[in-house]
Amino acid sequence: MKIGFYSESVADQAALAVFAEGILGEPPEPIEMALEGHGVSTVLSLLANVYRGVYYNSDAEGLVVVVDCDDTAMHSLDHGKPEVTSGDCRFCQAQAIVEKTKKHLKPRNGRPSLKVAIGLAVPAIEAWYLVGENHQVGEAAWKVGLESNQRPFTRRQLKRLVYNTDRPSLELETECAVAEARRILEDLKAIETAFPAGFGSMAKEIRSWKSQ
Ligand SMILES: [Zn+2]
């Protein structure tokens, strides 16, 4: 299956391809289009253009979009219900951008529509890479930290734990991200349990592509 990956860094995109391989049971095929990584401030603002570009100009069947949560609202499986406000949840923002963009697209030449899976890493994707390593990562721990105003870690600490430096080269970042994703594949359930809304929802969506 041809899948494009869009997130803040190409290192993370490489790790996401590994996660998709674990979820689908076979490696995703690359799409005919290079997707650059963009910083957190632009990953969402460029999403409409990226989606449109991948839709019209590539052979992708799926697009996986992952954003870091940082200090914004965590995603909840309740979001989307009429009585629940999602605040500044980037997961829901990404979803809304995709839905809005889809409405203005013409059918793809002889190809099915482009499926999208969205992920939200809490607070940053490095927390995903630490699953199974005895750190307090996970949506529950982060939520408790927010409520007590004692966050389990900073973004910089997360980077040091994963890369041994908070300023990794792109090469080191890619090497570590891919290695951790490979390790986590051995027990996908652990990451889906630790990050049910941000990773679990994405995995569920990708898994649904397999049966189609
Ligand atoms: Zn949300």
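For the single chain, residues carry numbers from 1 onward in sequence order. We count ligands from 1, going down the list as the structure has it; atoms in each ligand are counted the same way.
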(message) With a 4.0 Å cut-off on N to O distance, would you call Arg155 and Asp166 a salt bridge?
(response) no
(message) What do you get for the angle at the Zn ion (ligand 1) between SG on Cys92 and SG on Cys89, to the nearest 10 degrees?
(response) 120°
(request) Check the angle between the aromatic planes of Phe199 and Trp128 and answer parallel, tilted or perpendicular using the 30° and 60° thresholds. (result) perpendicular
(request) Mark yes or no: Arg108 above the aromatic ring of Tyr56, with NZ or CZ under 6.0 Å from the six-membered ring centre and no more than 45 degrees from the axis. (result) no
(message) Nearest N/O/S atom of His79 with respect to the Zn ion (ligand 1), by atom name, please.
(response) ND1
(message) With carbon and hydrogen excluded and only N/O/S kept, which atom of His75 is nearest the Zn ion (ligand 1)?
(response) ND1
(request) Pick out which of Ile125, Val122, Val43 makes a side chain to side chain contact (heavy atoms under 4.5 Å, CB included) with Asp68. (result) Ile125
